[in-house]
Amino acid sequence: GSLLHLGASFYCLLVISLIHILSSIHFRWEEERSTDGSKWKFLEHKGPVLAPPYEPLPGHVRFFYDGKLLRLSAPAEEVATFFAKMLDHEYTTKEMFRKNFYKDWRKEMTSEEKSKITDINKCNFTEMSEYFKAQSEARKQMSKDEKLKIKEENERILQEYGFCVMDNHKERIGNFRIEPPGLFRGRGDHPKMGMLKRRIRPEDIIINCSKDSKHPKPPQGTRWKEVRHDNKVTWLVSWTENIQGSIKYIMLNPSSRIKGEKDWQKYETARRLKKCVDRLRAQYREDWKSKEMRVRQRAVALYFIDKLALRAGNEKEEGETADTVGCCSLRVEHIKLYPKMDDQEYVVEFDFLGKDSIRYYNKMPVEKRVFKNLQLFLENKQPEDDLFDRLNTSILNKHLQELMDGLTAKVFRTYNASITLQQQLKELTTDESIPAKILSYNRANRAVAILCNHQRAAPKTFEKSMQNLQTKIDEKQKQLWATRKQKAVQRIEEQLMKLQMQATDREENKQIALGTSKLNYLDPRISVAWVKKWDVPMEKIYNKTQREKFAWAIDMAEEDYEF
DNA sequence: ACATAGACTTGTATCCACGGTA
DNA sequence: TACCGTGGATACAAGTCTATGT
């Protein structure tokens, strides 16, 4: 059913495309797509760039165990260097990191090494660490010529391996290098931190390309695990990593047709949600009164997802990853209920670790009915029990699918982000200078980032860089006072104003990360339309990479575009 | 209904080149 | 010329969601 619908929506898009074709402009994202689920007809590439082989340390770099010199076998030495390279990092002081590292390291040791090395705390990696620091220092000190040579070599590799041909187009590949071996660094309190991420060999690698293409060849004397020709998927290369046992892929760059089209489709789904969101909201409010606990939980969860832009919250395997949650996996310990708080009633306090162990903290007054439901859900539960014990993402998404074709929990995030940007832009933009307009744009973007909880650690240099900017402003101010000529005054006033806008922007952005929402949540056509309407140069809003990624939108949207 | 594999999107941290400045 | 701050690129981890098998 849904496949047919997808076909139908593509058909609509095709009609739009046809109009473009008729007007004799023909872009690649408007080419006809198949309806049988195949993603391409022809795919040719050179395969991945493998990690360089291990180069043993020079003899003068020593490793000491319990104060005594110990020569390590190459495999054991390699793993030791991974640790040594991270010695300055806080990770290496964590008990879990050291324990996991030590356990995996032992697996690489000879039996003699195993018997000698019995306590990680007696290992002295400092000479190795110093050596790598010196190396990186030497790299910085290289002559212009040497640096240029490296640059040219990188460029050559990029030209050879960084592109593929998919159907009729040469496309940029996203990540064409196989991840090198090293120590796994999870985010947050990860139970597997420090484990050895092993080296990927050609024999681990699956190649995907079309039958009639020139197949990538494995390095001399090796073979690929498999060469397959599956045009129902978009990846070129895959392998299984050993930490979680999950599959990693080499895929195309966001500028590619295949990614751009998917992106476009995502925003079209969010726009369809816009058309029926009132109905859905009325529906879940009704469901708060349902006789069925399951339905009430579903409705309250959906309210959170809609109102707070929470993620769906899939279940995670305990002990395999950091303990983080989303909406459906919230536990009793993650919320607190306050019948009264200051001058507000029915306040819910959220405090939990979300994706990437980023803390979500928020206090929100809710409607009485939601509050009462939450009290009900909490009855007779322990802190570690699920808040929504009758609900998971699969149940929720099945329900959403019935309400609107293609609707899943994450569409709400996209929808709410994009509609917020559009509203905020309307509200904030005034017909002033370009810097003032850009400040408005960034403020609108910021409203979305706050909604989506896209935080960042305040940059270490924040205070200093703020001071520098203030110094510049003060100097400009003095310069202005010292200037008499009318024309010069005007120019300096403009410069001053620009600096002030910049300062405001930077200050407000201290702990906010705009990039993620800009790249993943905001329909780029809203921004394109805004730029056209207010005569702001596109480059002020989107850098080169972003313009490439959003090429489809830049081509498509006019100043009257409505999300 | 449930578990798991697989494919793809979303997310932060880190690296690095570049341009401006002392 | 060395240094420094910054924006953009890169790396890769961590989510979401679908398909498939039992």
Side-chain angles (χ1 to χ4, degrees), chain A residues 2-3 37 39 86 89 91 136 139-141 144 147-148 150-151 154 158 162 172 174-180 182 184-188 190 192-193 197 206 208 230 232-235 238 240-241 243-254 258-259 262-263 265-266 305 311-317 320-322 324-329 353-358 392-398 400-401 406-414 417 449 452-457 459-462 464-466 468-469 472 506 513-521 542-546 548:
Chain A
S2 75
L3 242 167
K39 309 279 172 65
M86 300 173 78
H89 205 290
Y91 278 118
S136 88
R139 227 171 301 128
K140 276 182 213 156
Q141 300 301 324
K144 257 200 186 127
K147 280 185 181 170
L148 188 68
I150 291 173
K151 206 179 159 187
N154 282 336
L158 172 67
R172 181 84 193 269
N175 53 324
F176 53 87
R177 285 170 203 276
I178 297 283
E179 293 172 20
F184 175 79
R185 313 139 83 127
R187 310 257 166 93
H190 198 116
K192 296 193 171 184
M193 62 169 80
K197 219 170 77 164
I206 301 173
N208 194 31
D230 181 358
K232 300 279 192 290
V233 297
T234 66
W235 53 267
S238 77
T240 303
E241 54 91 34
I243 303 291
Q244 320 274 358
S246 64
I247 307 168
K248 299 246 177 172
Y249 304 92
I250 290 182
M251 290 184 189
L252 297 193
N253 187 276
I258 209 157
K259 293 285 185 189
K262 200 81 191 296
D263 212 30
Q265 197 190 124
K266 173 180 79 183
I305 285 170
R311 297 185 188 83
N314 284 310
E315 289 116 300
K316 303 169 72 183
E317 216 175 325
E320 293 292 300
T321 59
T324 63
V325 297
C327 185
C328 292
S329 50
L353 297 182
K355 182 174 177 178
D356 291 317
S357 294
I358 299 290
N392 60 41
T393 54
S394 156
I395 294 170
L396 179 64
N397 281 335
K398 220 161 268 166
L400 292 175
Q401 180 59 43
L407 186 62
T408 61
K410 85 187 184 81
V411 178
F412 279 88
R413 243 166 111 82
T414 312
C452 294
N453 198 41
H454 292 143
Q455 304 181 17
R456 62 169 183 182
K460 287 183 199 76
T461 53
F462 185 81
K464 193 164 174 231
S465 103
M466 222 49 224
N468 289 347
L469 201 46
K472 272 190 186 172
R506 191 172 301 181
L514 299 185
T516 300
S517 52
K518 200 173 193 175
L519 243 42
N520 299 303
Y521 288 104
Y542 288 140
N543 67 32
K544 187 166 146 281
T545 322
Q546 293 164 339
E548 281 165 9

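Numbers restart at 1 for each chain; the letters A, B, ... are given by sequence-line order, proteins then strands.
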| said: Applying a 4.0 Å non-hydrogen cut-off, can you work out what A:Pro254 is touching in the nucleic acid: base, sugar-phosphate, or nothing? | reply: nothing
message = Applying a 4.0 Å non-hydrogen cut-off, can you work out what A:Gly313 is touching in the nucleic acid: base, sugar-phosphate, or nothing?
response = sugar-phosphate
Walking DNA chain B from its 5' end, the first of A:Thr234 and A:Thr516 to be reached, judged by nearest nucleotide, is A:Thr234
message = Strictly below 4.0 Å: does A:Tyr249 bring a side-chain N or O up to OP1 or OP2 of C:dC12?
response = no
Taken to the nearest whole Å, CD/A:Glu317 to P/B:dA3 is 10 Å
Against the side chain of A:Lys248, the closest entry in C:dG15, B:dA7, C:dA13 is C:dA13
*Should A:His89 be listed as having a side-chain N or O under 4.0 Å from OP1 or OP2 of B:dA13?*
no
Any A:Lys151 side-chain N or O less than 4.0 Å from OP1/OP2 of B:dC16: no
Check your understanding: If only side-chain N and O atoms of A:Ser246 are considered, is one of them under 4.0 Å from the OP1 or OP2 phosphate oxygen of B:dA5?
Key -> no
The answer to which of A:Tyr91 and A:Val233 contacts DNA chain B further toward the 5' end, by nearest nucleotide, is A:Val233
Problem - Sugar-phosphate only, base, or nothing, as touched by A:Thr324 at under 4.0 Å among non-hydrogen atoms - result: sugar-phosphate
When rounded to whole Å, the CZ to P distance for the pair A:Arg413 and B:dT10 reads 9 Å
Heavy-atom closest pair (A:Ala322 atom, A:Arg187 atom, distance to 0.1 Å) is CB-O, 3.7 Å
From NZ of A:Lys39 across to P of B:dC8 the rounded distance in Å is 4 Å
Exercise. So what does A:Arg506 hit on the nucleic acid, given a heavy-atom distance under 4.0 Å: a base, only sugar-phosphate, or nothing?
Worked result: sugar-phosphate
Requested in this report: Looking at every strand, decide which applies to A:Lys355 at a 4.0 Å heavy-atom threshold: base, sugar-phosphate, or nothing.
Outcome: base
One should read off an interatomic distance between A:Lys518 NZ and A:Gln546 CD, to the nearest 0.5 angstrom, of 5.0 Å
Rounded to whole Å, CH2 of A:Trp235 lies from C1' of B:dG6 at a distance of 10 Å
Side-chain atoms of A:Thr545 come closest, of B:dG11, C:dA9, B:dC8, to C:dA9
Would you say B:dC15 has OP1 or OP2 under 4.0 Å from some side-chain N or O of A:Lys140? no
A:Tyr521 OH to B:dT9 C1', in whole Å, measures 8 Å
Quick note, A:Lys262 side chain, CB onward, closest among C:dG15, C:dA14, B:dT9 is B:dT9
So, is A:Lys398 near the phosphate of C:dT18, with a side-chain N or O under 4.0 Å from OP1 or OP2? no
On a heavy-atom basis, the closest approach of A:Met86 and A:Arg185 is CE-CG, 3.5 Å
On DNA chain C, more 5' by nearest nucleotide between A:Val411 and A:Arg177 is A:Arg177
- Task: Ignoring backbone atoms, establish whether A:Asn314 has a side-chain N or O less than 4.0 Å from OP1 or OP2 of C:dT16.
- Result: yes
Categorize A:Ser394 for me: base, sugar-phosphate, or nothing, with a 4.0 angstrom heavy-atom threshold over every strand shown. nothing
query: Looking at A:His454, does any N or O in its side chain come under 4.0 Å of the phosphate oxygens OP1/OP2 on B:dG11?
result: yes
According to a strict under-4.0 Å criterion, is A:Arg311 in side-chain N/O contact with OP1 or OP2 of B:dG11?
-> yes
How about A:Leu407 and A:Phe412: do any of their side-chain heavy atoms sit closer than 4.5 Å? yes
**Prompt:** Which is true for A:Ala409 with a 4.0 Å heavy-atom rule: it touches a base, it touches only sugar-phosphate, or it touches nothing?
**Reply:** sugar-phosphate
Between A:Asn253 and A:Gln244, whichever has its closest DNA chain C nucleotide further toward 5' is A:Asn253
Open item on the list: I'd like to know whether NZ of A:Lys544 has more than 12 heavy-atom contacts from other residues, nucleotides or ligands below 6.0 angstrom.
Closed with: no
When all nucleic acid strands are considered with a 4.0 Å heavy-atom cut-off, which category describes A:Lys266: base, sugar-phosphate, or nothing? sugar-phosphate
Looking only at C:dT16, C:dA14, C:dT10, the nucleotide nearest the A:Arg172 side chain is C:dT10
From CZ of A:Phe184 across to P of C:dA14 the rounded distance in Å is 4 Å
In whole angstroms, the gap separating P of C:dG15 from CG of A:Asp356 amounts to 6 Å
Output for pair (A:Lys151 NZ, A:Leu158 CG), nearest 0.5 Å, gives 12.0 Å
Smallest heavy-atom separation, A:Ser357 atom then A:Thr324 atom, equals OG-CG2, 3.5 Å
*Would you classify A:Thr408 as touching base, sugar-phosphate or nothing, given that sugar-phosphate means primed atoms plus P, OP1 and OP2, and contacts are heavy atoms under 4.0 Å?*
sugar-phosphate
Notebook entry, point to check: Reckon A:Asn543 has a side-chain N or O less than 4.0 Å from the OP1 or OP2 of C:dG8?
Noted result: yes
### Query
Can you tell me if the side-chain N/O atoms of A:Lys410 get under 4.0 Å from OP1 or OP2 in B:dT10?
yes
Checklist entry - Short question: side chain of A:Asp263, backbone of A:Lys259 - any donor-acceptor pair under 3.5 Å? => result no
Between CG of A:Leu519 and P of C:dA9 the distance, given in whole Å, is 10 Å
